[in-house]
Structures are given as C-alpha cells and as structure tokens.
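Only one structure is covered here, and it is reproduced in the block below.
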Amino acid sequence: MPSDIDQRLALLAGEEEVLEVNGVGEKWTDLGVKPVWRVHVTQPWVVPGLRDRLEGSWDCYSADIVFTNRLFLDRDLGTHITADCEILHARDELGWDLGDPDEVAVCSEIRAAGGTGLYPVDIIARMEASELSACDAFPTPFVIMSFDLETSVAEGHILCAAAIIDRLDEDGSRSSPPEEHMFEGDERAILEGLTSLVRNTDPDLITGYNIDNFDLPKLLDRCEFHATGKEDAAEMFGWGRVPISEAMEKQDQRAPLMPRRDSNSRKWFAAGRCFIDAWWQARMALRPERETLAFVSELLFPDREDLRKLDIDASQMDREWEQRPEEVMQYCMRDALLPWEILDELRIVQRKEALAAVAKVPLDSAVNGTTSQWIDSLVIRLADRSAVAIPRTNRYQRSEQITGGYVHDVEAGLHRWVAVLDFKSMYPSIMINHNICRTTMLDAADRRESGFDEAPTGVRFLSSEIREGLVPALLVDLMAQRDQHKSALNDARAADDERLTLFHDSMQYAVKILMNSFYGVFASSFYRFTHKDIGSSITAWARHNIKRIISELDAEGNSVVYSDTDSVFVSAPISENVPTVRPSEEDGEALQEYLSATTELIEFGHGLSERYSEKGAELEFESGMSAFFSHGAKKRYIGRVFYPHQDMIVRGYETRRTDSFKLLTDAMMQLFERILSNEHEEGVLEVIELVKRVRAGQADAADLVISRGCKGKLRKDGSADFSIYSNPDGLPFVQAARKRIAIGLSFTPGMKVSWVVRSARQSPMRVEPWLLEETGQRVEVYDLDFYARRLSTALGRVTEAFGWSASELLAGNRQMSLFSF
DNA sequence: GACTTACGCCTT
DNA sequence: TGGTAAGGCGTAAGTC
C-alpha cells in the first residue's frame with residue numbers, strides 16, 4: 001500500500017463528478033492481488049473522461065462496461081426476466097385494461113416514474129431494479145413484422161411498400177395467418193403509414209430481405225428528404241419503442257427513437273426493437289450458391305406454388321409500376337412475407353432466443369452482436385463474484401499470429417476400411433483439463449516448482465486445486481447444461497412433444513455454439529482477459545496430443561491415413577478381397593464378407609476409442625468408412641460411410657464450393673461415385689466425354705454460372721467503390737458487380753455476384769453477370785475453351801491419382817494408356 | 001505461346 | 001474487434 005494512499009483517495013473523491021469512493025477489498029489483477037476501490041460518479045457518460053484522467057496514477061478496472069449491461073450483470077439477469085412491478089398502463093387488446101385512463105394523468109405518472117411519455121407498448125410498469133430477477137427460459141410469443149419496399153430505379157424514391165404482422169401464440173408457435181398491410185401513393189404517406197403500423201402493432205422483431213443495406217437506409221434517406229423538423233421526421237421513421245415526444249428531448253443514443261446504424265458494425269438498432277436481416281441469416285444458415293430472394297425461396301420451398309416467381313422485371317421497375325401497379329403490389333407483398341417464412345423455416349428466432357438465454361444477453365445481442373459480447377456477459381459476472389478485477393478491452397495492435405492445428409499429410413489414392421476418431425470438444429476440454437485462464441497463467445518469473453501444468457510452449461498454468469480459472473469453471477458449467485438439455489431433448493422426443501423438442505434442441509445447440517466460441521475469443525488479440533500465450537498454449541497442447549496418438553498408432557502398426565486438428569483416420573487390417581460396396585442380397589457370400597468387415601471395423605474403432613481416451617480427453621469413434629479417397633491434398637477427401645449410417649461425404653472439393661459451377665460439381669460428384677465403387681476407369685471415360693461435349697458447345701449456360709462474394713463500399717450517391725481491392729479491374733467478380741449496377745440493379749457490399757465467362761482469351765477475362773432471378777435474362781455465349789480447361793484441371797487433379805493428367809483429359813487420349821498394360 | 005512464380009483474394 | 005490451415009483461381013510479370 002503506497003504511503004500517500006489516503007491523500008490520493010481524498011484527491012480522487014474531490015473530483016467534480018465523483019460522488020463517493022468505497023473500498024471493496026482485494027481483487028486479483030494481472031499485476032497480483034491488490035486493494036480496489038469503487039468510484040461512484042454522477043452519470044454513466046463521465047466514466048470515459050475520468051478513466052482517461054486517472055490513467056497513470058491508478059489502474060482502472062470495470063471501467064469500460066456499458067451502463068445498460070451493468071444492470072444485467074449486477075442483478076444476474078438474462079434474456080427472460082420476471083418483475084415484481086406496479087402497472088401504470090396496459091393496452092385494451094390484452095383484455096386487462098386498467099379502466100379508461102386519462103392520458104394526461106397516465107403520462108404524468110410515467111414521467112414521475114422516470115419515463116418520457118406514453119410508450120407504444122403493451123404494458124408500462126414501474127419497479128425498482130431490485131424487483132427484477134432472472135427466470136427460466138421459455139419460448140417468447142414475439143410479434144414479428146416483415147416488410148419490403150419497391151423503389152424507382154430512375155429517381156430512387158419509394159413507389160410502394162408492403163408489410164406483414166405475425167403474432168406468435170403464447171407458446172411461441174405460429175397458428176393464424178399473418179395480417180397484410182399495403183402502402184402506396186404519396187411517398188410521405190407511405191413512410192407515415194409504415195411508421196404508424198410499427199407503433200400500433202409494436203413488433204419485437206423487424207425483418208425483410210437485405211433491409212440492413214437497402215430498405216432501412218432507403219427509409220432514412222427518404223425521411224431526411226421530406227422532413228421539416230425532428231418531430232416531423234419521427235412521424236415518418238420513429239420506429240423506436242419510445243414516445244414520439246422524445247424526438248424533441250434528449251435522446252438515448254443507444255436506444256433511439258429513429259433507427260440508426262452503428263458506424264463500426266453496420267448494424268441497425270432502435271429502442272426496443274430487434275432488426276433481423278433475413279438475407280444475412282439465410283446466407284449464414286444455408287450458404288446458398290446464389291443469394292437472391294428468389295433463389296433462396298426456391299431452395300427452401302420448392303413445392304410452394306403460392307411463392308412462385310411473379311413476372312416482374314426488377315431492373316425496369318418504373319415501367320412495371322406504371323403499366324401494372326397491381327401486379328407490382330402483389331410482388332411486393334410476397335417479398336414482404338417471404339423473409340419471415342425463411343426465418344421461420346430455418347428456426348432462426350428460436351435459435352437466437354436460445355443463444356441469448358444461454359449467454360444471458362438481450363435478444364438483439366444474440367442476433368446482431370459478437371462472440372466477445374456473449375463471452376463478456378458470462379465472464380464478467382463470474383469475475384465480479386470471484387474477486388477478480390475486470391481489465392479493459394485491449395486496444396493495441398495484434399501480436400504475431402499463433403500456430404494453429406496440425407494437419408497430417410494424406411497419401412494420394414483409395415484407402416479401404418477406415419475408422420474416423422475425434423476428440424470430443426477438443427479445445428474446451430484442454431482449457432478445462434489444464435485450468436487455462438488469464439487468472440491462472442503464471443508469470444515467467446514465477447519460481448514455484450509444483451502445483452501447475454506446463455504447456456509444450458513452456459507456459460505454466462496453476463492447478464485448479466490452488467485456484468480454479470474463470471474460464472474452466474464456465475466451461476464445466478456449460479458442459480453440464482448441454483447434457484441436461486440433451487437428456488430433456490430425448491425425453492421430449494420420446495413423449496412426441498414437438499414444442500419441447502424444438503426448445504431443448506435449440507438450447508443444447510446454443511450451448512455448443514457458445515462453448516466453441518471461447519477458444520476464438522481467448523486466442524484473439526483484443527479480448528480483455530486474453531494473453532498471446534493462452535491461445536498458443538491451447539493449440540500447442542492440441543498438436544502435442546494428436547501427434548502423440550498418431551505416433552503410437554504407427555508404432556502399433558496401424559496406418560494413420562489422415563488427421564486434421566482433432567481427428568485421426570485409421571486404416572483397419574481387413575482382407576483385400578472384401579468388397580467395399582455393399583453387395584446385393586442375392587450375392588449372399590460377398591454380402592456376408594462385407595457385413596463381417598463392417599462389424600470388424602466398428603469393433604476396431606471402439607477399441608481404439610477405449611485405448612486412447614483419457615479422463616477429460618475423450619477420443620470418440622465418429623464414423624466408419626468402407627472406402628476413403630484423396631488425391632493427396634490436405635482438407636480434400638471423400639468417403640463411403642456405413643457407420644453410424646450410410647452416407648457419402650465430400651470435404652473441401654469443388655462440389656462444395658460456390659465459386660465452382662454446376663457442370664463441374666455434378667461431374668465431380670459422378671466421378672467420386674465411380675471412384676468409391678472401384679470404377680474409376682468408367683469415371684475417367686465419362687469425364688473425357690463431358691469435356692468433349694463442352695468443347696463442342698453443348699453445355700447449358702445455367703450450368704456454367706460461377707458465384708463469389710464481392711466487397712466494396714456504397715457511396716452516398718449510390719455508386720459503388722471497389723478501391724478496397726488492390727487491383728479491382730483485374731477481378732472477375734468486380735466486373736460482374738459493375739455490370740449489374742450499370743443496368744440499374746441493386747448491389748450490396750459482401751453479396752455474392754454471379755457470372756458466366758464470355759472470353760478468357762484476354763486478360764483480365766471478360767464476364768457477363770448472370771441475372772436470371774432478377775431480369776429473366778440468360779447469357780447464351782460462353783468461352784468453350786475456358787470451361788473445358790477448368791473442368792479438366794479440376795477433374796484432372798483427381799484422376800491424376802489413377803494416372804490421367806489434366807492435359808490428357810483435355811486431349812481425350814494419352815501417349816500410353818494405363819489400361820493397355 | 002507455354003510455363004513458372006508471386007501475389008491478392010475467396011472459400012472451406 | 002473469435003481463431004488458424006490449406007487449396008485453388010486469376011492477374012501480372014518474367015523466362016525460355
């Protein structure tokens with residue numbers, strides 16, 4: 001304790017914004033255990049300034065935690081809250097109105113309670129913070145709005161809008177069809193109509209397709225164009241769940257009346273609402289080859305005739321609106337409904353609500369927030385309970401990249417009878433086993449000789465008996481939660497309870513997502529509790545474990561065919577004569593051999609699992625393959641799986657990639673089927689035939705479409721800026737994006753753009769955008785040689801394993817045939 | 001023109 | 001303001 005501590009505390013207490021300074025005892029810090037004082041200030045927003053002034057004379061902890069989160073952290077609240085409260089006002093529709101309240105009287109009561117007026121919500125209530133508490137998670141009966149705008153390509157103004165409102169039942173499910181609302185006419189009337197719909201129906205979730213980058217910026221832009229003042233603007237775009245009167249008063253920047261966009265994350269937010277862009281969610285959940293609403297809808301709802309394409313050309317919207325406004329309105333209504341149908345089909349709301357519940361964050365944080373916010377929510381409350389001081393987020397430059405997982409070389413060719421084993425939750429297990437945490441990491445100067453685990457990197461972590469780390473404690477708890485939900489899931493399935501099945505499945509999945517987020521956040525350079533040695537120690541232990549197993553297996557004479565980070569592929573000693581494709585029932589003897597080989601491999605797999613599993617490092621038998629093939633490149637392989645169920649898997653190859661094209665992926669899939677059936681010769685002949693057909697111009701252009709994400713920035717005037725690329729003119733996807741924009745179609749930074757290669761004879765190659773879903777137009781001319789060459793290069797890499805090179809596939813013959821031997 | 005290498009970029 | 005490993009495509013520039 002410094003000798004002048006009393007003087008310094010007095011000086012601190014004398015600061016203008018400081019109300020009081022209280023000692024809170026000793027806390028763990030990265031510099032050792034130290035006495036800590038809590039400083040109470042007049043307002044949340046004075047904290048950053050005070051913190052910066054104190055820098056140098058004090059170390060500041062818990063000094064960058066957003067005030068609204070403080071309520072959740074201190075009261076240990078989560079997504080689902082129960083409140084002991086006094087109701088000031090409730091809407092009629094709920095059937096428990098308080099009478100017929102005089103609005104002025106209610107407003108003054110609300111103001112007296114700290115509010116600013118009549119909120120557009122179901123219930124307005126008052127309570128003390130101490131009257132809030134966490135309750136068990138339940139499926140919330142949300143109100144959802146989904147909307148779409150049609151705009152003039154020529155002028156940029158809004159032509160019409162449509163919206164649906166869906167109110168989930170008490171148990172969080174859908175039953176009745178959603179309400180439909182249409183808006184047309186004067187642009188100001190459209191804006192005001194949408195705004196009063198929001199305020200009257202009070203949706204919790206607002207969705208639409210690409211609303212983050214198109215509809216919301218458009219609404220804001222048109223609102224600013226018409227608005228004569230703040231209150232006028234609020235009538236047109238005051239979507240936040242606060243009284244319009246707030247437009248005239250000081251607004252809460254974090255919970256605004258007018259939707260705003262965060263400058264860093266590019267996400268929209270408004271008081272009390274959660275914006276979910278269905279485009280982003282569909283992209284993340286489905287990874288579709290193309291990302292238009294029409295393509296995604298076709299993918300999800302192939303049988304829904306009512307959602308079928310309406311014959312509207314989006315690039316000619318002005319003409320369409322003039323000539324057939326009713327069809328355009330119908331088209332707009334369908335595109336308002338689809339985003340909600342997509343979210344519902346993908347169970348997005350249930351999944352996000354579950355993630356929010358497990359991480360104990362508001363729903364909006366699960367939807368639009370980051371992994372570090374979720375981890376913060378759990379780590380900070382545990383640290384506060386464990387007398388650990390909360391350091392600030394690290395704003396300094398990132399250190400050198402750490403070394404990651406180990407990937408074993410793969411021998412080219414077909415491998416028979418392979419057992420795949422992998423470590424269960426490898427990184428979380430390592431963090432638990434070795435008690436890895438910032439609070440347990442020993443300083444290099446520490447001289448103790450026992451009571452720690454030492455990573456292969458030489459970094460040491462205190463044993464949990466001496467000090468349990470925050471992170472291992474949280475992970476142990478999450479693992480237990482997952483087991484609980486998994487067992488409840490099984491019970492719900494057995495009882496045929498669809499609602500509970502969905503609930504527990506969403507919850508166990510959310511726990512899994514959250515557990516897997518820990519390593520990433522703690523291996524990052526900026527997180528508050530990280531250190532560069534933490535991430536590298538985890539991966540070093542992982543490499544050490546998997547390499548040890550590989551060498552032990554090799555020493556036993558078991559051949560390790562492949563391994564990546566937490567998995568090993570082991571070849572079993574099964575006779576060469578046993579077929580790897582399941583023979584038919586008629587072929588009784590061969591079938592018997594095949595079946596006994598599968599049993600043998602399953603026993604082999606379980607045997608390895610038992611021998612190599614240790615406490616906290618469980619090596620599970622994941623799958624059994626009768627055949628495994630790779631052409632010799634890491635992270636690229638295929639397999640014929642028979643355990644736990646029949647399947648054919650393809651990893652890494654072009655068949656899985658959106659920057660490939662259908663003709664190639666189909667051909668490659670066919671070749672893989674042949675290879676796994678011991679028919680590679682037939683496969684090669686088919687490839688040669690295909691290459692010939694393409695060279696003869698017999699391909700359908702729709703099978704030649706290539707898609708790839710394209711970045712860029714939109715300028716205020718709507719034009720696109722691709723200068724983030726060092727040579728944008730040389731990139732085919734930038735060329736496709738530019739041509740798309742040139743004919744009046746929208747472009748969203750990050751969206752996938754699609755094209756067909758027209759001529760690769762010049763450099764850069766010339767491409768034509770593929771806009772079938774947008775305009776109905778097809779590209780008919782393509783570069784025959786280019787596609788023939790790409791087909792033979794990609795397929796040639798695979799057939800090379802059987803002696804056929806890419807150039808031989810292209811030529812259709814070879815100097816000396818392997819088959820002629 | 002065929003081939004190689006370095007580099008930028010995207011995707012898994 | 002989660003991480004790394006790895007493959008492949010296209011451009012550009014250089015060599016033969």
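First the proteins, then the strands, lettered A, B, ... as listed; each starts at 1. Computed from a predicted model, the values in this text were never measured in an experiment. Excluded from the calculations below are hydrogen atoms, water molecules and symmetry mates; all remaining heavy atoms, backbone and side chain alike, are included.
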*May I ask you to test the M625(A)-L676(A) pair for a side-chain heavy-atom distance under 4.5 Å?*
no
Measure from the side-chain heavy atoms of [X] and tell me the nearest of [options].
X	options	value
M765(A)	dT4(C), dT11(C), dG2(C)	dT11(C)
N727(A)	dT11(C), dC9(C), dA6(C)	dT11(C)
T793(A)	dA6(C), dC9(C), dT1(C)	dC9(C)
V521(A)	dA5(C), dG2(C), dG8(C)	dG2(C)
T403(A)	dA5(C), dG10(C), dG2(C)	dA5(C)
K634(A)	dT1(C), dT4(C), dG7(C)	dG7(C)
E654(A)	dG10(C), dC9(C), dG7(C)	dC9(C)
I402(A)	dG8(C), dT4(C), dG2(C)	dT4(C)

For the pair made of [atom1] in [X] and [atom2] in [N], what is the distance, rounded to whole Å?
X	N	atom1	atom2	answer
R797(A)	dG7(C)	CZ	P	11 Å
L731(A)	dA12(C)	CG	C1'	12 Å
R766(A)	dG10(C)	CZ	P	16 Å
I513(A)	dG2(C)	CD1	P	15 Å
W755(A)	dG10(C)	CH2	C1'	10 Å
D566(A)	dT4(C)	CG	P	17 Å
Y527(A)	dG2(C)	OH	P	11 Å
R789(A)	dG8(C)	CZ	P	16 Å

*Evaluate the criterion side chain to side chain donor-acceptor pair (under 3.5 Å) for residue pair R381(A) and S377(A); output intermediate values, then yes/no.*
CA-CA 7 Å; R381(A) 39 188 115 194; S377(A) 167; 3.0 Å; yes
Can you check whether [X] has a side-chain N or O nearer than 4.0 Å to OP1 or OP2 of [N]?
X	N	value
T370(A)	dT1(C)	no
R657(A)	dG7(C)	no
S763(A)	dA12(C)	yes
R790(A)	dG10(C)	yes
H408(A)	dA6(C)	no
K635(A)	dG7(C)	no

Quick one: label [X] by what it contacts on the DNA or RNA (base, sugar-phosphate, nothing), any heavy atom closer than 4.0 Å.
X	answer
F518(A)	nothing
G535(A)	nothing
T658(A)	sugar-phosphate
Y653(A)	nothing
G404(A)	sugar-phosphate
R636(A)	sugar-phosphate
K532(A)	nothing

_Rounded distance [0.5 Å steps], CZ in R254(A) versus CZ in F67(A)_ = 11.5 Å
*Hey, could you give me the CD1/CD1 distance between I375(A) and I380(A), rounded to the nearest 0.5 Å?*
11.0 Å
[Y] and [X] aromatic ring geometry - parallel, tilted or perpendicular at 30°/60° bounds:
X	Y	value
Y637(A)	F569(A)	perpendicular
H631(A)	Y653(A)	tilted
Y527(A)	F529(A)	tilted

*Chi angles and distances behind the side chain to side chain donor-acceptor pair (under 3.5 Å) call for K512(A), Q508(A)*: CA-CA 6 Å; K512(A) 177 185 169 169; Q508(A) 70 83 15; over 6 Å; no
*Outermost DNA chain B nucleotides near chain A [under 4.0 Å, heavy atoms]*: dG8(B) to dT12(B)
*Candidate pair W755(A) and E768(A), rule side chain to side chain donor-acceptor pair (under 3.5 Å), full reasoning*: CA-CA 5 Å; W755(A) 69 92; E768(A) 284 304 321; over 6 Å; no
_Out of the candidates R528(A), R392(A), K360(A), only one should pair with D376(A) under the salt bridge (charged side-chain N to carboxylate O under 4.0 Å, His left out) rule; please name it._
R528(A)
*Could you pick out which residue, N516(A) or A760(A), lies toward the 5' side of DNA chain C when each is mapped onto its nearest nucleotide?*
N516(A)
*Under a 3.5 Å cut-off for both distances, is dG3(C) Watson-Crick or wobble paired, and to whom?*
none
